[in-house]
Amino acid sequence: MGADEQPSPTRKREREEEEGDAADVDGAAAEKRPRAEESLLGLASYEEEEEEEGGHANGRPREKEAEDDDDEEEEEEDERRAPERRPRQVELRRDCPYLDTVNRQVLDFDFEKFCSISLSNLNVYACLVCGKYYQGRGLKSHAYTHSLEAGHHVFINLQTERVYCLPDGYEINDPSLEDIRHVLNPRFAREQVLNLDKNKQWSRALDGSNYLPGMVGLNNIKETDFVNVTIQSLMRITPLRNFFLIPENYQHSKSPLVHRFGELTRKIWHARNFKGQVSPHEFLQAVMKASEKKFQIGVQSDPVEFMSWLLNTLHAKLRSSKRKNRSIIYDCFQGELEVVKEIHRKHIVGDEQNGESSSQVETTSDGMVTETSRVPFLMLGLDLPPPPLFKDAMEKNIIPQVPLFNILKKFDGEAVTEVVRPSIARMRYRVIRLPKYMILHMRRFTKNNFFVEKNPTLVNFPVKNLELKDYIPLPKPKEKEKLRSKYDLIANIVHDGKPGEGCYRVFVQRKSEEAWYEMQDLHVTETLPQMVALSEAYMQIYEQHE
């Protein structure tokens with residue numbers, strides 16, 4: 001539309017009606033909110049309501065209107081240049097005759113915030129009567145049409161948490177809706193967060209079932225048990241959990257993955273859920289996008305690979321310009337190894353001997369090159385002894401057992417590990433700095449040219465008081481510091497079944513009771529500590545004693 005042309009009165013009125021939501025958001029600073037809680041906006045990364053209801057969403061097509069797309073773009077540009085346009089006032093009422101039609105049983109805010117008709121993620125409302133998502137609330141919007149066709153009148157904006165009555169169009173201010181807002185966007189005060197591990201109280205879902213906040217089951221959407229066990233394990237890391245329960249801690253990050261992980265953490269630990277389980281659907285969508293479909297719904301993956309990817313990605317998205325190599329991830333999990341690599345000169349490939357900037361390279365008279373370097377780590381891989389090739393007299397395979405301390409000797413600085421890639425070398429590892437939370441990975445799966453083989457060796461490990469200094473030489477602590485080398489197990493991931501198939505489950509500890517629970521997707525059952533030690537451990541998380 002040209003600069004000297006004016007839209008017709010009919011078109012102008014339609015635009016004002018359709019853009020009522022945008023005006024609400026634009027005028028939010030001028031309007032006085034009836035409640036302090038309403039200023040707490042959702043953490044979804046969707047754009048503000050500044051576009052009309054039929055606008056683009058992630059490249060999805062705009063609904064056809066009478067004018068050309070070019071004219072619409074020019075009109076939007078004119079609107080941005082004219083901030084003096086007064087927003088439409090919305091009536092605010094405390095009484096609404098339709099509040100008794102709200103059905104909390106059908107509300108589920110775990111799924112992506114997309115309109116069920118236009119598939120747009122802009123300006124989406126949830127019908128509080130049937131639970132479906134619709135876009136906009138103007139005269140031609142899907143929510144408005146739904147209110148007329150189905151006779152459903154109460155809608156909540158999934159981003160601003162404002163509740164409206166349609167088709168009348170007024171905003172509802174009623175305290176009885178606060179529980180719905182808390183489920184849509186769970187909130188924690190800092191004092192609540194600090195006292196979470198002292199809470200022993202059960203919560204009750206709408207269906208009458210009881211659940212423990214923090215110990216809720218996760219939906220296995222399709223072959224996503226590897227994600228579920230990883231998430232349940234990370235929920236036991238107190239500083240990590242506390243960090244993500246307060247959105248202000250990571251509001252500087254623009255990564256959808258960070259915010260979806262924070263939302264999932266708050267839902268798992270929320271004590272006022274309508275259901276006794278949580279669906280990680282939005283988090284999984286963020287994982288698929290951030291990993292470029294390396295991890296996706298419907299394809300089984302390895303929790304060790306997923307844990308490594310997730311921690312490194314969260315660290316990269318959380319670190320700020322001031323603390324380039326620091327984040328809550330590194331504060332919890334990062335330790336340091338001294339790696340001594342011995343390689344014969346004739347086996348050196350390319351610029352391999354250059355190593356890292358902190359490495360020291362020595363060459364002996366017999367042609368051996370020794371390279372010593374300091375390497376940070378987030379998890380330690382432990383090698384299991386090979387299983388026996390022969391069966392016993394009863395024609396049954398013998399399942400060997402090995403103490404954890406035996407395989408930990410790999411990191412005593414003396415044990416030699418031989419590697420063939422990228423070249424033949426002898427490696428020695430020594431732990432020179434212990435992390436607050438230590439992740440151990442048992443290498444159960446080996447791949448060859450034909451198939452994947454699983455090592456069934458059982459690892460005997462202590463559930464409490466793993467004392468590392470008795471088995472690994474540790475550096476002396478600095479003055480006035482205490483050597484903290486004692487650890488307690490807080491999570492143990494197990495693989496059941498054949499390699500390439502099977503499923504994952506996890507044993508986790510609830511700190512408030514020091515009780516152990518077995519979690520497999522939606523199933524959460526209390527178990528004995530002795531049962532934890534009888535499983536085929538695949539990945540473990542240990543917590544350092546204070």
Side-chain angles (χ1 to χ4, degrees), residues 42-46 107-114 121 126 131 133 158 182-186 188 203 205 211-237 240-241 243-245 247 250 253 255-314 317 329 491 493 503-506 508 517-524 539 541:
L43 277 172
S45 64
Y46 314 132
L107 299 183
D108 189 343
F109 300 125
D110 289 346
F111 294 96
E112 289 182 286
K113 311 299 191 290
F114 284 116
N121 65 352
Y133 294 172
L158 294 177
H182 273 276
V183 172
L184 172 60
N185 180 24
F188 290 84
S203 295
Y211 70 92
L212 280 167
M215 307 299 294
V216 297
L218 294 175
N219 268 327
N220 184 344
I221 296 173
K222 190 179 180 185
E223 303 285 350
T224 55
D225 49 335
F226 72 98
V227 173
N228 291 350
V229 294
T230 304
I231 294 300
Q232 296 287 17
S233 301
L234 292 176
M235 291 299 105
R236 312 309 132 200
I237 313 298
L240 183 73
R241 176 202 68 191
F243 176 87
F244 278 100
L245 287 177
Y250 48 92
S253 175
S255 167
L257 181 71
V258 169
H259 292 290
R260 297 294 91 77
F261 185 78
E263 286 177 359
L264 183 58
T265 303
R266 295 198 305 280
K267 286 177 179 179
I268 288 174
W269 285 94
H270 192 220
R272 296 165 63 180
N273 283 333
F274 290 163
K275 303 174 297 172
Q277 70 269 352
V278 174
S279 176
H281 198 276
E282 281 195 286
F283 175 71
L284 286 165
Q285 293 293 336
V287 165
M288 286 173 62
K289 188 172 182 181
S291 68
E292 297 178 342
K293 295 193 176 180
K294 179 181 179 181
F295 304 103
Q296 55 184 313
I297 297 171
V299 180
Q300 183 69 275
S301 294
D302 191 318
V304 172
E305 291 181 15
F306 179 68
M307 176 78 83
S308 177
W309 173 86
L310 180 62
L311 294 182
N312 280 292
T313 306
L314 288 177
K317 302 297 184 183
I329 304 297
I493 294 177
C503 56
Y504 295 96
R505 56 193 169 98
V506 62
V508 298
Y517 288 82
E518 181 183 340
M519 309 181 83
Q520 186 170 14
D521 300 328
L522 292 176
H523 302 287
V524 181
M539 183 165 56
I541 302 180

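- The minimum heavy-atom distance between Pro247 and Arg266, with the atom names listed, is CG-NH1, 3.7 Å.
- Between Ser233 and Ile493, some side-chain heavy-atom pair lies under the 4.5 Å cut-off.
- Proximity of Glu112 to Asn121: side-chain heavy atoms (C-beta onward) are nowhere separated by under 4.5 Å.
- Atoms CD1 and NZ, from Ile329 and Lys317 in turn, are 13.5 Å apart once rounded to the nearest 0.5 Å.
- The CE atom of Met539 sits 9.0 Å away from atom OH of Tyr504, with the distance rounded to the nearest 0.5 Å.
- One finds the CZ atom of Arg236 at 8.5 Å from the CZ atom of Arg241 (value rounded to the nearest 0.5 Å).
- Residues Ile231 and Ile268 have side chains in contact (heavy-atom distance under 4.5 Å, counting atoms from C-beta outward).
- Atom-to-atom distance recorded for Leu234:CG and Phe261:CZ is 5.0 Å, nearest 0.5 angstrom.
- Taking each heavy atom of His182 and His270 in turn, the nearest pair found is O-CE1, 3.3 Å.
- The nearest pair of heavy atoms linking Met519 to Val524 is CE-CG2, 3.8 Å.
- With hydrogens and angles left out, the side-chain atoms of Gln520 and Asn220 include no donor and acceptor closer than 3.5 Å.
- For Phe295 and Trp309, the gap between ring centers is short of 6.0 Å.
- In this structure, the side chains of Met307 and Thr230 come closer than 4.5 Å at one or more pairs of heavy atoms.
- Across Gly131 and Leu107, no two heavy atoms sit closer than the pair CA-CD2, 4.1 Å.
- Pro213 and Ser203 make their closest contact through CG-OG, 3.5 Å (heavy atoms, listed as atom of the first residue, atom of the second, distance).
- Atom NZ of residue Lys222 and atom CD of residue Gln300 lie 12.5 Å apart, to the nearest 0.5 angstrom.
- Remark: the backbone N or O of Phe109 is paired with a side-chain donor or acceptor of Lys267 at under 3.5 angstrom.
- The backbone N or O of Glu518 sits nowhere less than 3.5 Å from a side-chain atom of His523 that would complete a donor-acceptor pair.
- Here the shortest heavy-atom pairing between Asn228 and Asn219 reads ND2-O, 3.3 Å.
- When side chains are defined from C-beta on, Val508 does not count as touching Met235, because their heavy atoms never get closer than 4.5 Å.
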(message) Set out, in order, the CA-CA distance, both residues' side-chain angles and the distance that settles side chain to side chain contact (heavy atoms under 4.5 Å, CB included) for Val229 and Leu218, then state yes or no.
(response) CA-CA 9 Å; Val229 294; Leu218 294 175; over 6 Å; no

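- Rounding to the nearest 0.5 Å gives a distance of 12.0 Å between CZ of Phe114 and CG of Leu158.
- Considering only heavy atoms from C-beta on, Arg505 stays 4.5 Å or farther from Asp225 through its side chain.
- Note: Phe244 and Tyr250 meet the aromatic proximity criterion, with ring centroids under 6.0 Å apart.
- Distance alone, capped at 3.5 Å, is enough to place a donor-acceptor pair between the Tyr211 side chain and the Asn273 backbone.
- Between Val227 and Val287, the closest side-chain pair of non-hydrogen atoms is not below 4.5 Å.
- Considering only heavy atoms from C-beta on, Glu263 stays 4.5 Å or farther from Phe283 through its side chain.
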